[in-house]
**Q** 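Structure below; questions to follow.
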Protein chains: 2
Amino acid sequence: MAQVDTVTRILDAAEELFAEHGFAETSLRTITARADVNLAAVNYHFGSKKALIQAVFARFLGPFYKLVESSLDTHEQQHPDTILSIEDILRFVARAMASVTQGDRSRLAIFMRLLGLAYNQGQGHLRKFLQTEYRSLFRRVMSLITKATPDLQPVERFWRFHFMLGSAAFTLSSMENLRAIVEHDFDTKCTEEEVVGYLLPFLAAGIRAK
Amino acid sequence: MAQVDTVTRILDAAEELFAEHGFAETSLRTITARADVNLAAVNYHFGSKKALIQAVFARFLGPFYKLVESSLDTHEQQHPDTILSIEDILRFVARAMASVTQGDRSRLAIFMRLLGLAYNQGQGHLRKFLQTEYRSLFRRVMSLITKATPDLQPVERFWRFHFMLGSAAFTLSSMENLRAIVEHDFDTKCTEEEVVGYLLPFLAAGIRAK
DNA sequence: TTTTGAGTTAAACGTATGTTTCAAACAGTT
DNA sequence: AACTGTTTGAAACATACGTTTAACTCAAAA
């Protein structure tokens, strides 16, 4: 049986470590050690650490992107002229995320962490990368949300959208820690699905406040 | 007129730079250069970079902490046995934040960024620091929220609280960038007060969803 | 068989980092 | 004025980092 590809092993290791310790705090040496790969392999295959970070992100983003697009496409074919509710929209996105991260729970965290960094890091490279890769999907979702909330002023809708984004990004990226707290304080275990089940109604209620 | 204290100059410079570039990405040399202070001063006065980060945070947290406590105290004295609504609670917190960050808008961002890091960074030093410094205020606010949302299950309330926290942390820590986007896309300027004015109803509606 | 070229390896490079050192400057006290 | 404890200064230290180099491996092509 053949070993897994070097590139894949690097991406896997980087994904885990980035999610666990962040980007600046994770060195190429740690990554290549865990991947059981020579240090130079990262620069050989990806060019630089920045490019690796983007590649880790792209490996997640690509399938997610396509899945949301295609599921929206088929829905619009089957139910044309239907206005989706906020809950529906969120469910589409959540379902795509779940199916992309299936069996690898740290990928969600890393995606969300990256999202947060992209917004926080003023002139960072992630921001531009994310914006160019993301733009058309972002616009599409945003126009669905607009149809679902016709009474909202554009500026307020923009902000509420980012309130939602923030809620999701923060919660999902620190899911591990929060679940540990729940287990300690309430003697209960929460699955990711349950947390998302809590999250969506919160977001939906928030965006249609008043 | 005497120069500003070295310690204060370091804290001011660190605060700005941390808010702008993050913690790992800001070096002591950059900080001391902006503060116009010798490199060794940080280690002399604070001991380490970690300690400096905590000091930056503590300078904000202390006054904020006291302000929330005292304003809650006086309110409870004047209106005993009154159950505060979620909006009221949020307004208390928001007012304290506004008054502490007044005239220095980057302090809010750095506080929120730190908050985010504290939750994301698994075994980070920030988490413990924040928890010990924060614990009693956190409990107090949490018990007020509990009274304001008696129908909520404890676990779901916990999650919704962190959904709120996430929304606020994400939005306020990337406020600068988001406002720039608003200005570009909508030709409108948003003050921080306006954003908070958008945020609080969103949060309140979210936490009492269904 | 020889050649080729992508992939891997160990080592080194240059740089930036946090921290330490120790002498000089300073401020307050006696 | 001399002493004392605190603060500053320039330099060095040790280390960790991302990246580059050049020799080597090895399978497929010629």
Side-chain angles (χ1 to χ4, degrees), chain A residues 1-59 110 114 117 121-126 129, chain B residues 1-59 110 113-114 117 121-126 128-129:
Chain A
M1 184 58 190
Q3 264 240 79
V4 186
D5 193 25
T6 296
V7 172
T8 309
R9 293 228 303 287
I10 292 174
L11 285 173
D12 288 341
E15 200 172 89
E16 286 177 41
L17 290 165
F18 284 157
E20 204 170 335
H21 302 109
F23 302 100
E25 296 81 1
T26 304
S27 72
L28 292 184
R29 283 169 174 82
T30 316
I31 294 169
T32 52
R34 172 172 302 199
D36 200 22
V37 148
N38 189 272
L39 168 62
V42 168
N43 286 283
Y44 178 75
H45 287 287
F46 297 94
S48 69
K49 188 184 180 180
K50 276 188 186 181
L52 172 61
I53 294 176
Q54 294 181 355
V56 167
F57 190 48
R59 188 169 64 150
I110 203 234
L114 201 25
L117 281 183
Q121 216 116 291
Q123 77 287 37
H125 62 110
L126 294 172
F129 173 76
Chain B
M1 185 59 190
Q3 264 240 79
V4 187
D5 192 27
T6 297
V7 171
T8 308
R9 294 228 304 286
I10 293 175
L11 286 172
D12 288 342
E15 200 172 88
E16 286 178 41
L17 290 165
F18 285 156
E20 202 169 338
H21 302 109
F23 303 101
E25 295 80 2
T26 305
S27 71
L28 292 184
R29 282 170 176 80
T30 317
I31 294 169
T32 52
R34 172 171 304 200
D36 200 23
V37 146
N38 190 269
L39 169 62
V42 169
N43 287 283
Y44 176 76
H45 286 287
F46 297 94
S48 69
K49 188 184 181 182
K50 276 188 186 181
L52 171 62
I53 295 176
Q54 295 180 355
V56 168
F57 190 48
R59 188 169 64 150
I110 204 233
R113 184 186 283 251
L114 201 26
L117 281 184
Q121 214 117 293
Q123 76 288 36
H125 61 110
L126 293 173
K128 280 155 202 156
F129 173 76

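Chain naming here is simple, since letters A, B, ... match the order of the sequence lines and numbering starts at 1 in each.
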**Q** Rounded to whole Å, how long is the line connecting atom CD1 of B:I53 with atom C1' of C:dT17?
**A**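 Spelled out: CD1 on B:I53 to C1' on C:dT17 is 13 Å.
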
**Q** In terms of side-chain heavy atoms of A:L39, which of C:dA10, C:dA12, C:dT19 is nearest?
**A**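 The answer is C:dA12.
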
**Q** Tell me the interatomic distance from B:N38, atom CG, to C:dA23, atom C1', rounded to whole angstroms.
**A**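 For the pair B:N38 CG and C:dA23 C1', the rounded distance is 13 Å.
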
**Q** Give the first and the last nucleotide of DNA chain D, reading 5' to 3', that has any atom under 4.0 Å from a heavy atom of chain B.
**A**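 Terminal contacting nucleotides, 5' to 3': D:dT6 to D:dA12.
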
**Q** Give A:A41 one of three labels, base, sugar-phosphate or nothing, depending on what nucleic acid heavy atoms sit under 4.0 Å from its own.
**A**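 Contact class for A:A41: none.
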
**Q** With B:T8 as reference, evaluate B:D12, B:T6, B:I10 under the side chain to side chain contact (heavy atoms under 4.5 Å, CB included) test and give the passing residue.
**A**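 One option only clears the test, and that one is B:D12.
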
**Q** Once you round it to whole Å, what is the distance between P of C:dG18 and CD1 of B:I10?
**A**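 Going from CD1 in B:I10 over to P in C:dG18 covers 13 Å.
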
**Q** Tell me: CZ of A:R9 to P of C:dG7, nearest whole Å?
**A**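 Going from CZ in A:R9 over to P in C:dG7 covers 14 Å.
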
**Q** Rounded to whole Å, how long is the line connecting atom CZ of B:F46 with atom P of C:dT19?
**A**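 In whole Å, C:dT19 P and B:F46 CZ are 13 Å from each other.
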
**Q** B:I31 has an atom CD1; how far is it from atom C1' of C:dT17, in whole Å?
**A**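 Rounded to the whole Å, the gap is 12 Å.
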
**Q** Check this one for me: any side-chain N or O of A:H45 less than 4.0 Å away from OP1 or OP2 of C:dA6?
**A**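 Result: no.
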
**Q** Here's a test of your reading of the structure: between B:T6 and A:L28, which maps to the more 5' nucleotide of DNA chain D?
**A**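 Per heavy-atom nearest nucleotide, the more 5' residue is B:T6.
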
**Q** To the nearest 0.5 Å, how far apart are CD1 in A:I31 and CZ in A:R9?
**A**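 It is 14.0 Å, given to the nearest 0.5 Å.
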
**Q** Base, sugar-phosphate or nothing for A:T30? Non-hydrogen atoms, less than 4.0 Å.
**A**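 Nothing: the residue A:T30, judged by heavy atoms under 4.0 Å, touches no strand.
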
**Q** If I compare all heavy atoms of B:K49 with all of B:A24, which pair ends up nearest, and what's the gap?
**A**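 The answer is NZ-O, 4.0 Å.
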
**Q** Calculate the interatomic distance between B:K50 atom NZ and C:dT19 atom C1'; express it in whole Å.
**A**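 These atoms are roughly 14 Å apart.
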
**Q** How many Å lie between NZ on B:K49 and C1' on C:dG18, as a whole number?
**A**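 Distance check: B:K49 NZ to C:dG18 C1' gives 8 Å.
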
**Q** Please report the shortest heavy-atom distance between B:T32 and B:N38, naming the atom on each side.
**A**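 B:T32 and B:N38 have their closest heavy atoms at CG2-O, 3.6 Å.
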
**Q** For a quick test of reading the model, state the closest non-hydrogen atom pair linking B:F46 to B:A51 and the distance between them.
**A**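 That closest heavy-atom pairing would be O-CB, 3.2 Å.
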
**Q** Taking the side chain of B:R29 as its heavy atoms from C-beta onward, which of C:dT19, C:dA12, C:dT9 lies nearest to it?
**A**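 Output: C:dT19.
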
**Q** Nearest 0.5 Å please: distance from the CZ atom of B:F57 over to the CG atom of B:L114.
**A**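 If we round to the nearest 0.5 Å, B:F57:CZ and B:L114:CG are 4.5 Å apart.
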
**Q** Give, for atom CZ of A:R34 and atom OG1 of A:T26, the distance between the pair rounded to the nearest 0.5 Å.
**A**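 OG1 of A:T26 is found 9.0 Å from CZ of A:R34.
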
